[in-house]
Undergrad: 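First the structure, which I've put down as structure tokens, then a few questions once you've had a look.
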Amino acid sequence: MNALGRHILVEFYDCSPELMNDVVHIENSMVAAAETAGATVINSTFHHFSPYGVSGVVVIQESHLAIHTWPEFGYAAVDLFTCGDSVDPWVSYTFLKEAFEAGHGSSMELRRGQLNLLKRTDFNLEALRDVSQKPNDVPGTITRDVWFTERDENIALSLKHSGNQLYKKDSDYQRVEVFETLAYGNMLTLDGMVMCTQKDEYVYHEMITHVPMFSHRKAKRALVIGGGDGGTVRELLRHEQLEEVTLVEIDELVIEACKLHLPETAVAFDNPRLNLLVEDGIKYINECEDGRYDLIIVDSADPVGPGEGLFTAEFYQQVHRCLTPDGVMITQSESPRFNSAVFVEIYDTYKQIFGESKVHCYLAAIPTYPTGTWSFSYSSKGDSSPLIYDKTAAAKFSKEQGLKYYNEDIHAAAFALPNFVKELLNKGSQEIIEQYSAEPTNE
Ligand code: SAM
């Protein structure tokens with residue numbers, strides 16, 4: 001060959017948007033395309049961007065294969081770069097055209113490093129040779145570097161995963177996926193947003209349940225809207241005093257995915273005190289009788305998709321109606337740092353319905369949620385205050401139950417808010433929101 005390398009620039013069109021957004025399929029196909037062409041794969045690094053798009057590279061002994069996809073256009077830009085004669089990049093081209101179900105592909109081959117244009121310089125090859133044995137270099141194994149990325153407007157969270165997609169189904173409401181992350185265990189995502197991971201779900205689930213249970217000492221009936229991963233009811237059912245816990249989850253695939261791949265979170269689904277309903281929580285609360293529940297927990301995802309209606313004044317009004325006279329509503333109330341505009345708006349709504357002095361905000365550190373700082377709201381219909389609680393009982397319970405986050409001190413500490421959160425809650429002006437919001441405030 002009269003050149004060092006062959007570089008084929010490829011454009012694949014009319015590919016299935018599904019496949020163009022499937023990081024696991026794309027990574028597997030790119031690695032297989034290299035191997036089929038006779039290349040020796042060194043490692044692969046792939047990123048799935050949310051809401052969509054994949055970028056990745058397969059490093060081969062004979063150079064690299066790279067890809068960037070635009071699922072929204074059914075389009076992929078692929079680079080096939082090989083050096084030497086042992087690998088035929090066109091074999092990879094044909095393999096990938098099929099693997100991506102491309103309607104058609106266009107390509108251009110460039111000869112890279114035309115020998116007649118190059119002048120070899122004499123240098124001591126031995127001095128350059130890297131003889132160091134990489135730590136866990138097992139010949140023939142490739143190091144895969146596949147990343148899931150939840151990307152919002154201005155911030156993103158990336159988690160390395162094994163590349164094996166444990167669960168992926170589209171329900172009528174959302175895409176339900178489970179990834180096998182290396183740092184946080186199995187991770188449930190809905191429409192590309194992290195819902196919970198095996199390694200930090202306890203923070204969210206212990207704080208959304210035990211804070212109200214130790215301040216509302218007489219709760220007998222609890223309702224959870226959302227929460228299809230099962231973590232919230234698992235924690236509630238630790239409290240023997242609860243005679244009935246009802247879970248209303250709109251999407252049965254979330255329950256299925258968690259039973260299969262997050263069993264510790266889904267452990268209480270067969271508890272005899274649990275009334276598990278697969279139904280729209282908005283319809284359920286609209287049809288629910290007045291004053292039925294001591295505690296209503298809104299364990300929803302973000303205010304998008306099926307969960308949007310769970311962030312409206314109408315919905316909270318219905319929740320208020322269904323609470324007993326001294327009932328308490330707890331919600332996951334987003335992050336003061338992430339989307340401050342949404343944070344301020346939902347607290348203003350709670351205050352209109354429950355009254356300014358009856359609404360409290362508390363925080364918890366959840367590493368896999370945007371900004372890592374998440375909030376919960378505590379709104380009481382009666383006079384129960386979150387800071388009047390049985391500390392001794394809370395300490396005993398936390399110890400006996402082997403809780404990993406909640407205890408009698410964090411219960412109080414969680415309500416000690418930093419000044420910027422107080423400012424957002426008390427003044428909440430556009431200027432203050434823009435000062436603190438990580439995401440654009442769309443005003
Ligand atoms: N901890 C998570 C978070 O903060 O993002 C939320 C966990 S949980 C998985 C959220 C659940 O709410 C999802 O399973 C979703 O299907 C469910 N959901 C969304 N809209 C709903 C509705 N209208 N009625 C009942 N469940 C709903």
Side-chain angles (χ1 to χ4, degrees), residues 207-209 211-213 215-216 218-227 232 236 246-248 250 279-336 338-363 374-389 414-415 417 421-430 432-433 441:
M207 291 305 277
I208 204 169
T209 51
V211 167
M213 285 304 295
S215 40
H216 185 305
K218 301 188 293 305
K220 294 265 182 280
R221 282 201 188 131
L223 168 66
V224 177
I225 294 186
T232 297
L236 281 177
T246 298
L247 170 65
V248 182
I250 198 169
E279 190 181 326
D280 182 347
I282 298 163
K283 178 173 174 298
Y284 181 87
I285 205 79
N286 290 346
E287 294 165 2
C288 174
E289 66 187 82
D290 295 8
R292 178 168 173 71
Y293 290 104
D294 304 300
L295 174 59
I296 298 180
I297 297 179
V298 185
D299 178 0
S300 66
D302 301 323
V304 289
E308 200 165 352
L310 302 177
F311 288 80
T312 61
E314 295 73 36
F315 173 74
Y316 297 128
Q317 199 73 52
Q318 290 294 339
V319 171
H320 186 276
R321 176 183 63 75
C322 300
L323 284 169
T324 53
D326 61 354
V328 167
M329 174 183 83
I330 300 288
T331 70
Q332 72 86 359
S333 52
E334 300 289 312
S335 163
F338 172 50
N339 200 323
S340 310
V342 171
F343 177 76
V344 168
E345 197 185 320
I346 49 182
Y347 273 87
D348 287 349
T349 311
Y350 300 151
K351 291 172 189 167
Q352 280 157 28
I353 294 166
F354 287 83
E356 181 88 26
S357 63
K358 302 285 183 74
V359 176
H360 310 268
C361 171
Y362 60 107
L363 304 177
W374 212 251
S375 80
F376 303 92
S377 73
Y378 182 110
S379 304
S380 41
K381 185 172 177 177
D383 301 324
S384 91
S385 158
L387 294 174
I388 300 172
Y389 64 105
F415 290 88
L417 302 176
V421 178
K422 289 182 181 169
E423 262 191 283
L424 285 167
L425 290 172
N426 303 335
K427 303 200 197 93
S429 68
Q430 187 52 36
I432 289 175
I433 288 172
T441 60

Undergrad: Looking at Met207 and Leu363, what are the two nearest heavy atoms and their distance?
TA: CE-O, 4.2 Å
Undergrad: Atom CD in Gln317, atom OG1 in Thr349: separation rounded to 0.5 Å?
TA: 10.5 Å
Undergrad: Which residues pass the side-chain contact (heavy atoms from CB on, under 4.5 Å) test with Ser380, not counting sequence neighbours?
TA: Val328, Lys358, Tyr378, Ser384
Undergrad: Give, for atom CD1 of Ile330 and atom CE of Met213, the distance between the pair rounded to the nearest 0.5 Å.
TA: 11.0 Å
Undergrad: Going from OG on Ser375 to CD1 on Ile346, what distance comes out if it is rounded to the nearest 0.5 angstrom?
TA: 6.5 Å
Undergrad: Quick check: are there more than 12 heavy atoms from other residues, nucleotides or ligands sitting under 6.0 Å from CD of Glu356?
TA: no
Undergrad: What pair of heavy atoms forms the shortest contact from Leu424 to Val344, and how long is it?
TA: O-CG2, 3.6 Å
Undergrad: In Å, rounded to the nearest 0.5 Å, how long is the span from CD1 of Ile296 to SG of Cys322?
TA: 5.5 Å
Undergrad: Quick check: are there more than 12 heavy atoms from other residues, nucleotides or ligands sitting under 6.0 Å from CG of Asp383?
TA: no
Undergrad: Taking all heavy atoms of Leu425 and all of Cys361, pick out the closest pair and write down the distance.
TA: CD1-CB, 3.7 Å
Undergrad: Within a strict 4.5 Å, meaning less than it, do heavy atoms of the Ile285 and Leu223 side chains meet?
TA: yes
Undergrad: Please name the pair of heavy atoms, one in Leu236 and one in Ala222, separated by the smallest distance, quoted to 0.1 Å.
TA: CD1-CB, 4.1 Å
Undergrad: Verify side chain to side chain contact (heavy atoms under 4.5 Å, CB included) between Asp294 and His216, making sure each step is shown before the conclusion.
TA: CA-CA 8 Å; Asp294 304 300; His216 185 305; 4.0 Å; yes
Undergrad: Nearest 0.5 Å please: distance from the NZ atom of Lys351 over to the OG atom of Ser379.
TA: 10.0 Å
Undergrad: Ignoring hydrogens and angles, tell me if any N or O in the side chain of Arg221 forms a donor-acceptor pair with the backbone of Thr246 under 3.5 Å.
TA: no
Undergrad: If a pair satisfies ring-ring contact (aromatic ring centres under 6.0 Å, His included) and one of its residues is in residues 291-321, list it, with sequence neighbours excluded.
TA: Tyr316-Tyr350, His320-Phe354
Undergrad: Evaluate the side-chain proximity of Pro386 to Tyr362: yes if any heavy-atom separation is below 4.5 Å, no if none is.
TA: no
Undergrad: Determine whether the side chains of Ser377 and Tyr347 contain a donor N or O and an acceptor N or O closer than 3.5 Å.
TA: no
Undergrad: Side chain to side chain contact (heavy atoms under 4.5 Å, CB included) between Lys381 and Thr324: does it pass, once the steps are laid out?
TA: CA-CA 8 Å; Lys381 185 172 177 177; Thr324 53; over 6 Å; no
Undergrad: Leu387: what forms a side-chain contact (heavy atoms from CB on, under 4.5 Å) with it, not counting sequence neighbours?
TA: Ser385, Ala412, Phe415
Undergrad: Any idea which heavy atoms bring Val421 and Leu417 closest together, and the distance?
TA: CG1-CD1, 4.1 Å
Undergrad: Can you give me the closest heavy-atom contact between Gln332 and Ser300, atom names plus distance?
TA: NE2-O, 3.1 Å
